[in-house]
Amino acid sequence: MTDDALTSDLGALAYDPAPESSSIARLRESYGLFIDGDFSAPESHEQFATLNPATEEVLATVAQAGARDVDRAVASARRAYDRTWSKTSGAERAKYLFRIARLIQERSRELAVVETLDNGKPIRESRDVDVPLAAAYFFYYAGWADKLDYAGFGANPAPVGVAGQIIPWNFPLLMAAWKLAPALAAGNTCVLKPAETTPLTALVLAEILQQAGLPEGVVNIVTGDGATGEALVAHEGVDKIAFTGSTEVGRLIQERLAATPTRLTLELGGKGANIVFEDAPIDEVIEGIIDGIFFNQGHVCCAGSRLLVQESVADEVLRRLLRRVDQLRVGDPLDKNTDVGAINSAAQLARITELADAGEREGAVRYTGACALPDRGYWFAPTVFADVAQSHRIAREEIFGPVLSVLTFRTPEEAVAKANNSNYGLACGVWSEKGSRTLWVAQRLRAGVIWANTYNKFDPTSPFGGVRESGFGREGGRHGLEAYLNV
Amino acid sequence: MPAVISVPAIANEAELRVFVSALSGVDQVGVESRVAKLGTRSLKTSTKRRAIDLAISMVDLTTLEGADTPGRVTSLCTKARRPDPGDPQVPAVAAVCVYPDLVAHARRVLEGSDVAVGAVANAIPSGRASLNVKLLDVADAVAAGAHEIDMVIDRGAYLSGRWGQVFDEIVAVRAACGEAHLKVILETGELVTYDNVKRASWIAMLAGADFIKTSTGKVGVNATLPVALVMLEAARDFAEQTGRLVGVKVAGGIRTTKDALKYLVVVNETAGSAWLSPEYFRFGASSLLNDLLMQRLKQRTGAYVRPDEFSGD
């Protein structure tokens, strides 16, 4: 009896495959650049393939925008700004944003499937998080468009002009929404550059912008690799650059734009500390740790990749955590029951593997979830490192994958010191049933976002952004307007 | 695997208070978002067929009306033995649950089947009677042949902090049950908070409950998924610490197959295989059974039948 109780298998009721149909994606064979309200081929006629990271199959080819294509896109955005958008009233701009939000909802199933195919994230997440949130950001900023006078930046705040926006591959559609919605609400026109490995949902969004009747040139979407982004950053016709991505690239952009009139906001990497006190609600703590590091395969800049747990409960938390990690369903991202999908690219997989190996070499105790991985595609089993020291690379460098480093602390002061002992400062979590302690800790953490008894929760009304090497500027909420207003 | 830590035998109310107060709290937002996530699990084809059969075998077919008669109980028992006369493959339900005066009759009708007879005793649903009266109620039902006794805790005592009284009463009822299994109803709709649900679950398990059960079905709020999650986690932790498995019964308001499958997913992913059997998990319901039968037939034939295809009870 005793043994039965202790070995009660979780997940004994095995779930049959429940895949969402990939045909819902209605992908085209190839996509052009979205400039001046329509799709066109790049000047070089060069196309590159975007892969499904779960199968390594080619999904479609997309255009490689060169410097002259970027120039055309910026010129289009400038024209639209001068002739149309800057003369369009806030209420009128809101109308377009509401339409876009509604169309995202109407095409939500298609967008979710495209996102999952192109990115590798589980359909449960693209369906329940990415796509609904993308619509929510458009709805939210639609509400601001005619109320900018009351946003706290003085009367008649003017837009900046043409915004160049470079977004990452981890939340392709959602990051497009984070960038476009506030920019358009504030009266700017945009040139958006999706990530090289995940351009497809932005191109579906381009179709949606057409459907919504958004005036030509207000939003231009140029696909391509790092060179395309470089051309956009270097373009003198751009008034503002908003970049989300790695700290390494963010630093290059900031250097490039130093002593230029181009305004800049950066949302970069992180090494979030998820701090668990001994009085925390233990079952919800485990779920919070899981959400913190395995949501979106850990491809989350604000991931709770460092678990700081009070020593008095460390063994118990680790035991329960490992039991839960074993339960994660890793595999076909289109399966509705998949918890952890594919790593987005071979390059990212190599980086995760390299850092995890370093963790092992440096003496941390590695625990890898008991799950079978598919033969094809890019996969990394959920991994937890125990006995991690502050000096280990896996405690300092952003892994951007499903790898958790577990460290311990003894007192609140030590927890704060360890959490802040990082070059980054994007997000932290604090878990305790004692509100006064949560507030005491939160006041001392150097991070842009602090969650209490939860992790990785996003809402359009809430500003998001980092300090130190995690960047500057805020996206979301009233604060998110500031980057796109001349204030 | 952790060593089994035995929970200290509770000698008095002070010890009980120390132990139960030291349990970690429950975060409401976290519990509710966890079940919302589990609620998106998609059960298809053979999984769905297996889950429906499992759910049927876990039903406690219940009638607790003032107007209950031997005739109605006969009809319920007949359905319990063979829920779908058209298909002998359909498993029998776990138990029939009636008021104590109808236990003997139910036993006679179910003679020769594996369907257990449960009785609600202990002055259900309010639980407001002296301990002597409650114990007589229990003894009466046991003497009439009940295999399972459902009691309800004294919420008034729990909410005013007299946890020792709640504990002692369960211990006394447990003793009066003899061989019969004891299901302790927490009436979670009246305990309101998840912290209370967790603590009351532990008090009941420590006092010797064989099952902890959500509700009598007679108050406004009955079983909910987050409450079931909290109780299953408590049962899982209790088993780890004591080596003793305590069952969980969700009762009231579960009417559709879709709902039942969500509960099974929660069982599957929090407590695990040991609880995926009628021995340790039950649905207290009456209208649920017909929906399970309808969905079962749909899985086999691909078409829905009219509700009248199945007997009313």
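Here is the naming used below: chain letters follow the sequence lines, and residue numbers restart at 1 for every chain.
Within a 6.0 Å radius of CZ in B/Arg255, no more than 12 heavy atoms belonging to other residues, nucleotides or ligands are found. Surrounding CZ of A/Arg437 are more than 12 heavy atoms belonging to other residues, nucleotides or ligands, all under 6.0 Å away. Counting heavy-atom neighbours within 6.0 Å of A/Lys457 NZ, excluding the residue itself, gives a total above 12. The neighbour count for B/Asp87 CG, taken as heavy atoms of other residues, nucleotides or ligands under 6.0 Å away, is above 12.
Panel note: side chain B/Ser24, backbone A/Asp279; no donor-acceptor pair is recorded below 3.5 Å. The backbone N or O of A/Ala12 lies less than 3.5 Å from no partner atom in the side chain of B/Ser273, so there is not a single donor-acceptor pair.
Side-chain contact between A/Asp291 and B/Arg34 is absent, with no heavy atoms from C-beta onward closer than 4.5 Å. At a threshold of 4.5 Å between non-hydrogen side-chain atoms, the residues A/Glu284 and B/Glu32 do not count as touching.
Taking both residues in full, the closest heavy atoms of B/Ser42 and A/Ala18 are given as OG-CB, 3.5 Å, listed atom of the first, atom of the second, then distance. Minimum heavy-atom separation, B/Asn268 to A/Leu13: OD1-N, 2.9 Å. For the residue pair A/Glu433 and B/Val26, the shortest heavy atom distance occurs at OE1-N, 4.3 Å.
Among A/Ile282, A/Asp283, A/Val313, A/Thr454, the residue with the largest count of heavy-atom pairs under 4.5 Å with chain B is A/Asp283.
No part of A/Asp335 comes within reach of chain B, as not one of its non-hydrogen atoms sits under 4.5 angstrom from that chain. Contacts of B/Arg41 with chain A are made by both backbone and side-chain atoms, with heavy-atom separations under 4.5 Å. Neither the backbone nor the side chain of A/Asp315 has a heavy atom closer than 4.5 Å to any heavy atom of chain B. With a 4.5 angstrom heavy-atom cutoff, B/Glu269 touches chain A via backbone and side-chain atoms both.
Taking CZ from A/Arg320 and CD from B/Glu233, the interatomic distance works out to 8.0 Å, rounded to the nearest 0.5 Å. To the nearest 0.5 angstrom, B/Thr270 atom OG1 is 8.0 Å from A/Gln327 atom CD.
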Verdict with supporting geometry, B/Lys37 and A/Asp128, side-chain contact (heavy atoms from CB on, under 4.5 Å): CA-CA 9 Å; B/Lys37 213 179 269 182; A/Asp128 297 345; over 6 Å; no
Check against side-chain contact (heavy atoms from CB on, under 4.5 Å), A/Tyr15 and B/Val265: CA-CA 10 Å; A/Tyr15 306 141; B/Val265 165; 3.5 Å; yes
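B/Thr45 and A/Asp16 form a side-chain donor-acceptor contact under 3.5 Å, judged by distance and modelled atom types alone.
A salt bridge links A/Arg319 with B/Glu240: the closest approach of a Lys/Arg side-chain nitrogen to an acidic carboxylate oxygen falls below 4.0 angstrom.
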